[in-house]
Amino acid sequence: MNLTLKVWRQKNGQSAGHFDTYPARDVIEDMSFLEMLDVVNEDLIAAGKDPIAFDSDCREGICGMCSLVINGVPHGGHRGTATCQLHMRHFKDGETITIEPWRAEAFPIIKDVAVNRAAFDRIMQAGGFISVNTGGTPDGNAIPISKAVADKSMDAAACIGCGACVAACKNASAMLFVAAKVSQLNLLPQGEPEKHRRALAMVTQMDKEGFGSCTVTGSCEAVCPKEISLSFIAKLNRDYGIGALLGK
Amino acid sequence: MNIIAYLFKSSLGKKYIMAVTGCCLFLFVVGHMVGNLQVFLGPEAINRYGHFLQSNPELIWPARLGLLTMVALHIWSAARLSVENRAARPVAYQTYKPMGSSYASRTMLMGGLIIATFIIYHLLHFTFQVQAINFTGQNFVDFTDAEKRHDIFKMIVTGFRNPLVSGFYLLSMSLLCLHLSHGVSSMFQSIGWKNDTYRPIIDKGACLVAGVIFLGYSSIPVAILLGFGKDVVK
């Protein structure tokens, strides 16, 4: 099939960006979206033009590097699917596809549709860890954890930190990311001792980075490639509130 | 940071303020509706209720000042958060599909502003009884019943027999319904009283409650436009 791509091009973080239109010819429906872009880039390089800069790494939906807003929806809008797992069979021959970067003050554009998500790393540095003395490997199952709790923590830990929640939110809020990262530790006994301090520190850093606040629209949950539940945000609100009240 | 800073400076703190003040205002909306519905019991019930409130300034004034504080904090947190949220996305998307979000959740600010305008009009109309804005040519202050009490029943009937006034009221009530359908469930989320078990009950319950509030309030102008109480205005 043949497609038309309308892609955001921006030289760097300082310059102004614009949309350019490129044809994508002979696209095979079994290609992933990124493979389609690879083919377009090969054509651009062959024609002596600057290829489209976009992020990708594992291309199997687990690393969280790919980050495209496709036709107005981060990752293209197929439930539980990251851009790298989005296949061209979802598009129709002759269609025009608009490709934009994650748009948020906290995610400055590096080039074209690649953005800098270091703000997430700084939020993790603020409290996304547990403080333990290093030493010998602890015995497995030394701390009993119920299956239900372990599963719930794992659901939160499924977050790959891609930032689609921020990109989809009308307020560019990072609450779903922060909620997942706080909950994956706060739900477990290992994370329990620091749970309030963690919630307070990570939310404080989130505000500092310039993300918006949560209006509970649920867009983040709808586009999340790992289907992280909005209920984790309620848990974050609870842990933060109790932490603030207890003066942690 | 101390608790005041956590509450007034952080984004989450402002959401708590929004939720708690919203909860108080929601409870007022329920109480006010129950009070208003006494109009269907006839002039005696509603005039006695009005007289009870008016003759106890030590009860009504703290309640009024409390409500005013709640409204002020609710609007202040909404304004602050809106400014921050705008700043969080300085460059808008060319194409943006609001996937997974309800219409109500995306129109909280606009809906809220229209409701605030309505509240100002409503207070001037029935509380301060400004003659110029009731569009009936009559002064509501002069309405008294046989027992020399303020005739609230006659005031409500006269006021709502104007289709424009009733129309604005109905529009505002539908916006309030939309606002509450999202707001009531969101306040549970914002203060952290929600999990996967309660979430569907709270979300559906909020829509149901918002619908009941719309029906309760709207029934009064609709009944009056259909002829309820027309004998008292003759």
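Letters go in sequence order (proteins before strands), and every chain restarts at 1.
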Does [X] come within less than 4.0 Å of [Y], counting only side-chain N to carboxylate O?
X       : Y       : result
K14(B)  : E84(B)  : yes
D203(B) : K194(B) : yes
R9(A)   : D112(A) : yes
D239(A) : R198(A) : no

Residue [X] versus chain B: region with a heavy atom under 4.5 Å:
X       : result
K208(A) : neither
F107(A) : neither
N71(A)  : both
A168(A) : backbone

Of all of [options], which one pairs up most often with chain A through heavy atoms under 4.5 Å apart?
options                          : result
A88(B), P90(B), G100(B)          : A88(B)
S190(B), P98(B), A87(B), S185(B) : S190(B)
H182(B), R86(B), M18(B), Q94(B)  : Q94(B)

Shortest non-hydrogen contact from L68(A) toward I99(A):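 For L68(A) versus I99(A), the nearest heavy atoms are CD2-CG2, 3.9 Å.
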Nearest heavy-atom neighbours spanning L236(A) and A199(A):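 Nearest heavy atoms, L236(A) then A199(A): CD1-CB, 4.0 Å.
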Considering only heavy atoms, which portion of [X] lies under 4.5 Å from any heavy atom of chain A: side chain, backbone, both, or neither?
X       : answer
A104(B) : neither
R106(B) : both
Y16(B)  : side chain

Pi-cation contact, W102(A) with R89(B) (under 6.0 Å, within 45°):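 Geometry flag: not set, cation outside 6.0 Å or 45°.
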At a heavy-atom distance under 4.5 Å, which candidate from [options] has the highest pair count against chain B?
options                           : value
I233(A), T98(A), L230(A), L245(A) : L230(A)
G243(A), S229(A), G247(A)         : S229(A)
G77(A), A106(A), P74(A), S173(A)  : G77(A)

Polar side chain donor-acceptor pair, Y198(B) to S231(A), under 3.5 angstrom: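 No.
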Test item: side-chain donor near acceptor, S10(B) and D207(A), under 3.5 Å: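 Judged by distance alone, the side chains do not pair up.
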Within residues 216-227 of chain A, residues adjacent to chain B where the heavy-atom gap is under 4.5 Å: V216(A), T217(A), G218(A), S219(A), E221(A), A222(A), V223(A)
Minimum side-chain heavy-atom gap S181(B)-C207(B) below 4.5 Å: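 S181(B) reaches C207(B) side chain to side chain.
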Aromatic plane relationship, F160(B) with H125(B) - under 30° parallel, 30 to 60° tilted, over 60° perpendicular: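 Geometry flag for F160(B) against H125(B): perpendicular rings.
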Side-chain (Y217(B)) to main-chain (M33(B)) donor-acceptor, under 3.5 angstrom: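 Here the side-chain-to-backbone pair exists.
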